[in-house]
Number of protein chains: 2
Amino acid sequence: MTISKLLLDSRNQKLLAALLKTPRASVTDLARRVGLSAPATRERLVRLEEAGVIKGWRVELDPKALGYPISILVRVRPMPGQLPKIIKLAQSIPQVTECHRITGEDCFLMRLHLRSLDELDGLLDKFLVYGQTTTSILQSSPVPPRALPLPNQSTG
Amino acid sequence: MTISKLLLDSRNQKLLAALLKTPRASVTDLARRVGLSAPATRERLVRLEEAGVIKGWRVELDPKALGYPISILVRVRPMPGQLPKIIKLAQSIPQVTECHRITGEDCFLMRLHLRSLDELDGLLDKFLVYGQTTTSILQSSPVPPRALPLPNQSTG
DNA sequence: TATGAAACACACTGAGT
DNA sequence: ACTCAGTGTGTTTCATA
């Protein structure tokens, strides 16, 4: 049994579910919803963070509001030996907000945010030095980022 | 000038920058860092939320810790007329934590989390009813999700 | 749109079970 | 591992500029 599983008793499941619903809830509020005292709830939160079950906290800003109305996805197929250069390039471009190494002929998938389509050429050119690119414009998100189901085990 | 721009004076820029660094900081702490009183800072936060500049707050859980060690990306090329069915299907599968409509021959890109590779066949089969799929396994993230640069304008 | 003071809620600690 | 109670800090409202 993994450390994680020990951490995922029914109370922590409730706690995580409550947190997913309202990430900014106070410990006191979470405690009420979980049926524990505030100190006990806090202790559980700290342990979940220490164990890495809770990886982090985020505030999500709207790219449009920040002046980036266009989101695109770019796949990159590196030329032989150019893989590390593409990584460095992606990291150095602030408009690249995600870059993933994936299996398949295209080794990378990245997400870029643009102020206008005019920016696209210049950005792609930078990558074309090291490989081929395939570009898609993001139109909508039928499933916007959402949480995975919790194990919902009955133990604990 | 858009509503957003009016909202992005230099103090709000500082405020958002502070929030991005430490999303769970207290209003009092943010106020100190921005150089305003707590009530004023709180007021600004509320407005930024109401205007949609702050889209939401997230707690990020580790998929591995929840029992989903494998992340994959699937592109789907729908057969004619099957596009809405694919959307519904994606929404109905909890392992699909993101699904994006994109331009190109593959209309959808989605992200799935698996308990094991054995799950893959069954999941892909569901989509293969409505179109072709291309699957990649996510190996690493040279650029893990990060924030866009703020406008950093001098006005305000 | 900001501030300061006051009322209230929350976080955190320590002692006890 | 939890609860309870006490203390200090943060949050929120209101009056005011």
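Each chain gets a letter, A, B and so on, in the order its sequence line appears, and its residues count up from 1.
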Do the side chains of A/Ile54 and A/Leu8 join up, straight or via other hydrophobic residues, at under 4.5 Å, putting them in one cluster?
-> yes
Residues at least two apart in sequence or cross-chain that pass side chain to side chain contact (heavy atoms under 4.5 Å, CB included) with A/Pro78, listed by chain then number, are A/Leu83, A/Ile86, A/Cys107, A/Phe108
Expected string for nucleotides 3-17 of chain C under the B/S/- scheme (protein heavy atoms, under 4.0 Å, primed atoms plus P, OP1, OP2 as sugar-phosphate) is BB-----SSSB----
### Query
Between the side chain of B/Thr103 and the main-chain N/O of A/Ile137, is any donor-acceptor distance below 3.5 Å?
yes
When you measure from the side chain of A/Arg146 to the backbone of B/Gln91, do you find a donor-acceptor pair of N or O atoms at a distance under 3.5 Å?
yes
**Prompt:** Backbone N or O of A/Asn12 within a donor-acceptor pair of the A/Asp9 side chain at under 3.5 Å?
**Reply:** yes
task = Any chance you could lay out the side chain to side chain contact (heavy atoms under 4.5 Å, CB included) test for A/Val59 and B/Leu20, step after step, and finish with the verdict?
result = CA-CA 6 Å; A/Val59 56; B/Leu20 285 168; 3.8 Å; yes
Footprint ends on DNA chain D, 5' to 3', for atoms under 4.0 angstrom from a heavy atom of chain A, come out as D/dA1 to D/dC4
Those residues at least two apart in sequence (or on a different chain) that pass side chain to side chain donor-acceptor pair (under 3.5 Å) with B/Gln82 are none
Applying side chain to side chain donor-acceptor pair (under 3.5 Å) to A/Asp29 and not counting sequence neighbours gives A/Arg33
- Message: I'd like to know whether A/Leu114 forms a side chain to side chain contact (heavy atoms under 4.5 Å, CB included) with A/Leu123, so could you lay out the CA-CA distance, the side-chain angles of the two residues, the decisive distance to 0.1 Å, and finally the verdict.
- Response: CA-CA 10 Å; A/Leu114 308 183; A/Leu123 285 167; 3.3 Å; yes
Between A/Leu30 and A/Ala18 the two heavy atoms that sit nearest each other are CD2-CB, 3.8 Å
Rounding to the nearest 10°, end axes of the helix from C/dT1-D/dA17 to C/dT17-D/dA1 built from five pairs each make an angle of 30°
